[in-house]
Protein chains: 6
Amino acid sequence: MVDVEDKVLTGISSLDKILGGGLNRGDTILVAGQPGAGKTTLGFEFLYSGATKYGENGAYITFVESVNKLKRDALKFGWDFEKLIKEKKIRFLDLIQVIGVKGVEANFSIMMNEIESVGAKRVVIDSLSAMTSYIETKAIARTFIGVLNKFLEKVGCTTFLLVEVPWGRSDIGSGFEEFLADGLIVLESTIDRFKVRRMLFVPKMRGCNHDLSCYDFFISTDGINVSPIPRARR
Amino acid sequence: MVDVEDKVLTGISSLDKILGGGLNRGDTILVAGQPGAGKTTLGFEFLYSGATKYGENGAYITFVESVNKLKRDALKFGWDFEKLIKEKKIRFLDLIQVIGVKGVEANFSIMMNEIESVGAKRVVIDSLSAMTSYIETKAIARTFIGVLNKFLEKVGCTTFLLVEVPWGRSDIGSGFEEFLADGLIVLESTIDRFKVRRMLFVPKMRGCNHDLSCYDFFISTDGINVSPIPRARR
Amino acid sequence: MVDVEDKVLTGISSLDKILGGGLNRGDTILVAGQPGAGKTTLGFEFLYSGATKYGENGAYITFVESVNKLKRDALKFGWDFEKLIKEKKIRFLDLIQVIGVKGVEANFSIMMNEIESVGAKRVVIDSLSAMTSYIETKAIARTFIGVLNKFLEKVGCTTFLLVEVPWGRSDIGSGFEEFLADGLIVLESTIDRFKVRRMLFVPKMRGCNHDLSCYDFFISTDGINVSPIPRARR
Amino acid sequence: MVDVEDKVLTGISSLDKILGGGLNRGDTILVAGQPGAGKTTLGFEFLYSGATKYGENGAYITFVESVNKLKRDALKFGWDFEKLIKEKKIRFLDLIQVIGVKGVEANFSIMMNEIESVGAKRVVIDSLSAMTSYIETKAIARTFIGVLNKFLEKVGCTTFLLVEVPWGRSDIGSGFEEFLADGLIVLESTIDRFKVRRMLFVPKMRGCNHDLSCYDFFISTDGINVSPIPRARR
Amino acid sequence: MVDVEDKVLTGISSLDKILGGGLNRGDTILVAGQPGAGKTTLGFEFLYSGATKYGENGAYITFVESVNKLKRDALKFGWDFEKLIKEKKIRFLDLIQVIGVKGVEANFSIMMNEIESVGAKRVVIDSLSAMTSYIETKAIARTFIGVLNKFLEKVGCTTFLLVEVPWGRSDIGSGFEEFLADGLIVLESTIDRFKVRRMLFVPKMRGCNHDLSCYDFFISTDGINVSPIPRARR
Amino acid sequence: MVDVEDKVLTGISSLDKILGGGLNRGDTILVAGQPGAGKTTLGFEFLYSGATKYGENGAYITFVESVNKLKRDALKFGWDFEKLIKEKKIRFLDLIQVIGVKGVEANFSIMMNEIESVGAKRVVIDSLSAMTSYIETKAIARTFIGVLNKFLEKVGCTTFLLVEVPWGRSDIGSGFEEFLADGLIVLESTIDRFKVRRMLFVPKMRGCNHDLSCYDFFISTDGINVSPIPRARR
């Protein structure tokens with residue numbers, strides 16, 4: 001039985017409005033962006049508001065940045081993950097070194113255990129790009145992501161898969177990841193004449209009546225703020 | 001003996017008009033589009049109207065999305081595939097995990113059995129890109145698609161092969177798939193100044209007096225609606 | 001002894017005029033085009049008018065589309081190839097499955113036998129792209145096409161080699177095929193603001209006083225019609 | 001315990017202002033630029049002011065230019081590294097030939113020993129591109145940079161990783177390095193009508209309230225001077 | 001002892017003027033062009049006028065087109081090579097099939113024998129692209145062309161190496177051939193609004209006071225005619 | 001001990017002015033350019049004026065053009081290298097065939113011996129592209145160039161490494177060579193409306209107060225003349 005209106009709020013009300021009322025529970029969403037676009041900040045806010053506002057535990061799985069630095073950066077926004085970790089509401093899982101040694105399959109088990117042990121309903125994987133860079137062929141990566149999606153759907157986790165878009169490029173990953181996910185949020189960080197400009201748009205969100213416009217967004221000490229007025233791109 | 005006027009209606013009257021009266025029975029049509037372009041929705045509507053309006057059974061074969069999510073997403077449009085499955089009018093076939101384990105040849109047998117067992121006259125394969133990503137060389141993929149086309153023609157199936165066009169690109173697959181199909185429907189999802197814009201055009205439809213114009217289309221709660229007025233692209 | 005004025009008419013008078021009076025007998029001509037550009041239709045018209053107007057038998061060799069569908073599509077233009085096959089004026093040769101099993105060399109023998117047995121003076125190979133996709137290296141493909149050209153010249157066959165240009169691209173094949181042929185006819189199918197537009201031009205036709213202008217062309221129920229007035233491209 | 005306001009000044013006050021008050025201690029910053037963009041000069045100034053103004057020792061690790069030439073070039077700016085080397089405040093480490101012979105792992109040990117022996121708090125690696133060019137796969141390079149970052153964070157080193165952007169290109173490294181670093185400073189050297197123009201912008205600086213504008217900068221006998229007024233790019 | 005003013009006239013006076021009075025004896029000149037650009041015609045005219053106007057024997061070495069077709073095409077311009085062959089002034093050498101069987105080294109001996117046996121002072125190799133496509137690596141191709149150049153210089157042959165530029169591209173060969181030759185004549189065949197337009201320019205001609213302008217040229221029944229007035233490109 | 005003002009004059013006063021007074025002794029400078037851009041001529045003038053005006057012996061090492069042709073071409077400018085060779089002021093070293101047979105390491109020894117035996121203070125290597133094309137991996141090439149630079153610095157040679165930029169492209173070599181050199185002089189040969197236009201700019205020259213503007217230059221019977229007035233590019 002599928003409940004078509006079981007929505008998960010991201011904690012950023014302007015984004016939830018664009019999404020047509022939030023995310024579908026159990027969906028896997030790609031969050032793609034160039035360096036500095038705000039992917040990590042969006043992941044933080046998603047997890048933090050889950051744990052503090054909506055009573056949903058979360059897990060942040062990093063293949064990229066050390067947990068110490070992540071917590072330090074989050075604290076600048078006033079998001080005290082250390083406290084939530086102690087309250088067993090959030091888990092941070094550092095897989096930077098493990099992956100090189102034990103391989104992706106081992107990580108997969110560790111990830112699943114962590115997600116289940118904390119009873120996570122929200123997961124951020126930082127990043128899909130880092131995780132799949134250890135997988136030999138596209139076919140295997142494709143299978144792997146398929147299996148991961150099934151697991152996350154089964155345990156009712158709504159998941160952000162962060163995707164690294166190299167500076168100066170706009171295509172996403174290896175060209176198939178966006179098709180394996182239920183949705184795609186693009187954070188675009190480009191030079192617009194005088195400065196780096198951040199924009200957000202949602203080209204895909206299955207089963208959602210989502211908004212197709214482009215919006216500027218800003219990162220302030222409160223986190224992410226999406227401008228309510230659509231803006232022209234390029 | 002070939003009946004030149006045995007047309008298959010897609011269920012979207014505005015599209016059937018562009019196609020010059022519908023599709024030719026037994027043809028294989030590529031439906032290419034970026035993420036969020038509406039390929040799956042087009043596939044749903046094709047199958048759903050086949051089963052409910054034209055008395056034609058159908059099969060949806062997925063290498064990408066779980067059947068549960070597919071049914072959930074379809075239900076938003078009011079298309080109750082669960083009911084049609086119980087009435088043995090539609091089959092959903094999930095080959096996400098099978099393919100990695102058993103290989104493409106095994107899937108091919110499973111696919112053919114499913115298509116024949118439900119007496120499917122309409123098939124959606126979601127996606128050709130996923131399926132061929134498991135095949136080692138272009139030459140083998142080419143042969144494989146050739147054999148598949150022959151089977152589908154023989155059993156009188158009209159088929160949509162969904163093709164994933166990565167975000168930010170506009171070429172299709174490996175550059176040969178569009179030549180192996182009888183027709184090509186392009187769903188284009190691009191940023192047009194202020195928002196993501198969806199357009200549809202039909203550059204190829206063998207043996208059809210099809211329209212060569214470009215049309216905006218919209219996805220509403222009724223499904224796909226193609227604007228009747230041609231629009232300039234780019 | 002070479003007869004410099006032994007011209008072969010394509011059956012499309014507007015095209016023959018652009019070619020400077022027709023093709024040279026025994027020449028091999030590339031016909032390159034995107035999907036839906038009209039390559040197959042041009043091939044049909046070349047063979048059909050050969051058999052019905054100029055008393056020249058022909059062979060259509062397909063690695064792509066089934067013979068049944070080809071005949072069905074031709075019939076829409078009123079070209080009854082079934083009849084010509086019975087009169088032993090035309091042969092259709094389906095090599096879709098053979099090539100994967102037996103390799104290109106086997107196909108080559110079959111092709112040569114068919115061409116000689118029907119006394120073909122006109123040949124269409126659909127497509128060079130499909131045929132060479134089974135050949136391992138460019139060097140072998142190059143040798144193979146060289147040998148094929150020699151055979152066709154020796155038996156006095158004028159040949160169209162259809163070349164698949166992927167949608168969204170404009171370069172031809174692997175970048176050497178156009179140099180191995182005596183001529184090159186480009187059918188261009190691109191989006192021109194509001195619709196797909198078809199244009200034709202002839203950048204190369206050895207030993208012909210050919211026209212270098214670009215022309216729109218249309219596919220109607222009569223076949224291909226080339227506009228007599230040159231048009232600007234892009 | 002993380003001190004969120006432990007800032008490291010680069011020694012270039014205009015740059016520190018753009019960075020929102022300096023760098024975070026222990027962070028790893030990519031400095032990307034085309035040849036002649038000023039990467040080495042920025043590295044020199046960072047180390048020299050560390051040793052002479054802020055009481056922080058430093059290490060310059062080169063895989064590219066000989067130490068003699070580096071010292072000669074620095075002397076043009078009045079930065080007498082020879083003196084600082086004698087005072088055991090700075091180390092120069094030449095790994096040009098070592099790497100080819102002993103491999104990256106050996107260099108890694110040498111680097112860590114040097115950094116620890118001089119008690120370096122500031123490190124410049126010239127260049128990440130050179131260092132990773134000896135690593136076989138992206139996956140290994142990714143692991144290696146991850147381990148290096150952890151070491152540098154642990155010993156409290158703030159590090160500039162110079163990245164070579166080939167002339168005529170604007171993307172960075174292999175497309176993943178910018179995600180493994182805490183920040184990214186882009187030095188852009190392009191032809192702007194009449195001359196080579198140097199610009200600087202900071203698209204990413206984790207945990208910093210950095211400025212997103214683009215600035216011209218100049219290299220004079222004093223070192224790097226960043227214009228205070230944002231400038232349009234391209 | 002080097003005679004700095006031993007010039008070889010191409011036979012096309014407008015081209016000789018652009019070249020600053022002709023080619024240097026013993027030089028190897030790349031003639032690069034898209035299909036239909038006129039490379040073969042330029043080669044014909046160079047050899048024909050050598051044999052009939054300047055008393056220099058010549059050799060045309062083909063890896064591409066059959067000798068019969070080449071002679072037929074030349075005859076359209078009134079250039080009767082058959083006659084010159086009988087007078088032992090010209091040799092045509094067909095290496096299309098030989099190369100695949102015996103390899104490049106064997107061809108090299110055959111080529112040298114032919115060139116010496118006819119006492120050729122002018123050579124056309126049609127094409128360098130075809131010849132090098134059989135060579136495994138760029139390094140070997142580079143060595144091979146170096147050796148060939150030395151031989152041709154030693155026997156005092158002035159040589160045109162035809163280079164195939166694929167339709168839709170403008171770079172030349174593998175990117176090194178133009179550096180191994182003494183000169184480069186570019187024949188450009190592009191779509192210029194309404195038609196295919198042919199232009200010629202000479203970016204490189206060592207030891208010649210050559211003209212750097214771009215010129216339209218036309219192929220008429222007299223052969224190649226270069227417009228005397230420079231024209232803007234693109 | 002480093003002498004910061006030991007400048008080497010190129011012999012082209014307009015260029016020395018752009019370089020901020022000449023080159024630094026012992027530096028390695030890339031001279032990059034398309035075919036016909038004037039790399040060889042610049043190399044000639046550098047060596048010839050070294051031997052005749054500044055009392056510095058030189059060596060010209062060629063992997064590309066025969067020594068005979070090089071001397072012939074130089075003579076057109078009135079530069080009689082034959083005489084300088086007899087006076088033991090200049091060496092020409094032809095490594096075209098050696099490299100294929102004996103490998104790069106053997107060449108390296110030969111090069112070093114030649115440079116030392118003539119007591120060369122100026123070296124031209126024509127070309128780095130040719131030399132490195134024989135080296136298997138980028139990592140090895142990188143090491144090799146590093147070792148070469150160290151040797152040249154040690155013996156006090158100022159060196160021009162000519163780099164071949166293929167026609168129609170503007171990036172340099174494999175993307176790392178420009179970082180291994182102390183300076184980069186770009187000779188740009190492009191089509192500027194009516195003709196091939198030659199421009200020169202210096203994006204990088206370590207330890208020099210060089211000019212960043214772009215200049216037209218001309219090759220006349222006197223050699224290279226750089227226009228004193230900056231010009232806009234593209």
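Chain letters run A, B, ... following the sequence lines, proteins first, then strands; residues in each count from 1.
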Counting C-beta onward and ignoring hydrogens, is there a side-chain heavy-atom pair between [X] and [Y] closer than 4.5 Å?
{"X": "A/Arg206", "Y": "B/Leu70", "result": "yes"}
{"X": "A/Asp27", "Y": "B/Lys69", "result": "yes"}
{"X": "B/Gln34", "Y": "A/Leu184", "result": "no"}

Within this structure, what is the [atom1]-[atom2] distance for the pair [X] and [Y], rounded to the nearest 0.5 Å?
{"X": "A/Lys150", "Y": "B/Asn68", "atom1": "NZ", "atom2": "CG", "value": "9.0 Å"}
{"X": "A/Leu180", "Y": "B/Glu65", "atom1": "CG", "atom2": "CD", "value": "9.0 Å"}
{"X": "B/Phe63", "Y": "A/Phe179", "atom1": "CZ", "atom2": "CZ", "value": "16.0 Å"}

What are the two closest non-hydrogen atoms of A/Glu153 and B/Ser66, and how far apart are they? OE1-OG, 3.0 Å
Is the backbone N or O of A/Leu212 less than 3.5 Å from a side-chain atom of B/Lys195, with the two atoms forming a donor-acceptor pair by type?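 Not at all, since once roles are kept as given, no pair shorter than 3.5 Å links the two residues.
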State whether the side chain of A/Glu178 and the backbone N or O of B/Pro166 hold a donor-acceptor pair below 3.5 Å, judged by distance alone.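 Answer holds: no.
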Inspect the surroundings of CG in A/Asn209 and state if more than 12 heavy atoms from other residues, nucleotides or ligands are less than 6.0 Å away.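 Not buried by this count: 12 neighbours or fewer within 6.0 Å.
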Please determine if B/Glu164 and A/Arg142 form a salt bridge, counting it only when a charged side-chain N lies under 4.0 Å from a carboxylate O.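 Answer for the salt bridge query: yes.
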Would you mind checking which part of B/Glu82 comes under 4.5 Å of any heavy atom in chain A, side chain (CB onward), backbone (N, CA, C, O), both or neither? neither
Heavy-atom pairs under 4.5 Å with chain A, option from B/Ser127, B/Gly36, B/Ala74 with the top count: B/Gly36
For A/Glu188 and B/Ile191, run side-chain contact (heavy atoms from CB on, under 4.5 Å): C-alpha distance rounded to whole Å, both residues' side-chain angles, the deciding distance at 0.1 Å, then the answer. CA-CA 12 Å; A/Glu188 213 175 57; B/Ile191 301 286; over 6 Å; no
